[in-house]
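Letters A, B, ... are given to chains in the order of the sequence lines, protein chains preceding strands, and every chain is numbered from 1. Note that the coordinates shown come from a computational prediction; the quantities given were computed from them, not determined experimentally.
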There are 2 protein chains.
Amino acid sequence: MDNTQFIKGSLTAIVLKLLEDNGRMYGYEMTKAVKEMSGDKVNITEAALYPALHKLVEEDLLETTTEQVAGRMRKYYSLTKKGKKESVIQINSMLEALSSVQLLLNKKLSNG
Amino acid sequence: MDNTQFIKGSLTAIVLKLLEDNGRMYGYEMTKAVKEMSGDKVNITEAALYPALHKLVEEDLLETTTEQVAGRMRKYYSLTKKGKKESVIQINSMLEALSSVQLLLNKKLSNG
DNA sequence: GCCTATACCTAATTTTATTAGGTATAGGCA
DNA sequence: TGCCTATACCTAATAAAATTAGGTATAGGC
């Protein structure tokens, strides 16, 4: 029984938003940031995140640079030119979808 | 390329909401109702809906009654006692999750 | 010497939706 | 009569996405 919520399909949009706002971030940092910023309500697991990041790199939306920090490896992700365009589209698209479902779940669903 | 949006994981909550508001409905009716009420923005496909309905019956959240209407069969679904309790929980839970993701995608995601 | 935090990752499984159909009745229209 | 659309149910095979359950390795606190 896990009480943290996650909307399936929103992971990619969240990653794109993070990178849009912060320029570059590494995976582990993303999980901590989202956890903290959502007040523990949204939890991105590393097992879901890393495959998603790799897919975005494959699609040429993200690019990486690797650095050695305090003896540990860090793989920074940032948006490509293509990724910058796509992020706007995907974030807006996801926000629209969220609003639509929200409306359905809030209003009286009487069927005319 | 399909432009209708669907939030993965929200199907069950939408079904529960429909039945909470309307008492009873049949599958085909649900797909039309959601399509119309969302202004074509949310599209529930029958292929996703029927398995989901069957699962909810299996979990004892829904029960069915079958009627013959104009030569065609109609299988009406309604909430069981357990389903009425669960629907409140699941709808609120989904709304909370939607809000959380919405907040993340809207606010400046600066990482402290 | 052990535990926690940092930091990357994958394999197997499960859940959920998509794609692509099938069956059958009724009614409109050519 | 034959065809098309709407109504109304459904499934099988596949794909997409997340969960479960780990593994590797460094650094620092106790």
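- B:Met30 has its side chain out of reach of B:Ile44: every pair of non-hydrogen atoms, C-beta onward, lies at least 4.5 Å apart.
- Among all heavy-atom pairs drawn from B:Tyr28 and B:Tyr50, the shortest one is N-OH, 3.4 Å.
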- Intermediate values then yes/no, side-chain contact (heavy atoms from CB on, under 4.5 Å), B:Leu19 and B:Met25: CA-CA 7 Å; B:Leu19 294 176; B:Met25 288 180 87; 4.0 Å; yes
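- In the set C:dA20, D:dC9, D:dA21, the nucleotide with an atom closest to the side chain of B:Ala47 is C:dA20.
- The nearest whole Å value for the distance from the NZ atom in A:Lys8 to the P atom in D:dT19 is 6 Å.
- The structure places OH of B:Tyr76 at 10.5 Å from OG1 of B:Thr66, a figure rounded to the nearest 0.5 Å.
- A heavy atom lying under 4.0 Å from DNA chain D marks the following residues of residues 49-65 of chain B, by number: B:Tyr50, B:His54.
- Residues passing the side chain to side chain contact (heavy atoms under 4.5 Å, CB included) test with A:Lys84 are A:Leu79, sequence neighbours excluded.
- Contact record, A:Leu62 with A:Thr80: C-CG2, 3.6 Å, taken as the closest heavy-atom pair.
- Put simply, NZ on A:Lys32 is 10 Å from P on C:dA7, counting in whole angstrom units.
- Within residues 66-76 of chain A, the residues that have a heavy atom under 4.0 Å from DNA chain C are, in order of number, A:Arg72, A:Met73, A:Arg74, A:Lys75.
- Of the possible polar contacts, one joining the B:Lys82 side chain to the B:Glu59 backbone as a donor-acceptor pair under 3.5 Å is found.
- OP1 or OP2 of C:dA7 sits under 4.0 Å from a side-chain N or O of A:Tyr26.
- With both pairing distances under 3.5 Å, C:dC8 is matched to D:dG23 as a Watson-Crick or G-U wobble pair.
- What you find for A:Lys8 and B:Ile7 is that their closest heavy atoms are O-CG2, 4.4 Å.
- Proximity of A:Leu104 to B:Lys17: side-chain heavy atoms (C-beta onward) are nowhere separated by under 4.5 Å.
- Separating the CD atom of B:Glu46 from the P atom of C:dT23 is a distance of 16 Å, rounded to the nearest angstrom.
- We find that CD1 of B:Ile7 is positioned 17 Å from C1' of C:dT15, with the value rounded to whole Å.
- When rounded to the nearest whole Å, the span between CZ of B:Phe6 and P of C:dT18 equals 7 Å.
- Summarising the geometry, the separation between CD1 on B:Ile14 and C1' on C:dA17 is reported as 13 Å, rounded to the nearest angstrom.
- With a cut-off of 3.5 Å on both Watson-Crick or G-U wobble distances, the partner of D:dG28 is given as C:dC3.
- A straight line from CG of A:Asn43 to C1' of D:dA18 spans 12 Å, rounded to a whole angstrom.
- The side chain of B:Tyr28 contributes an N or O atom lying less than 4.0 Å from OP1 or OP2 of D:dT7.
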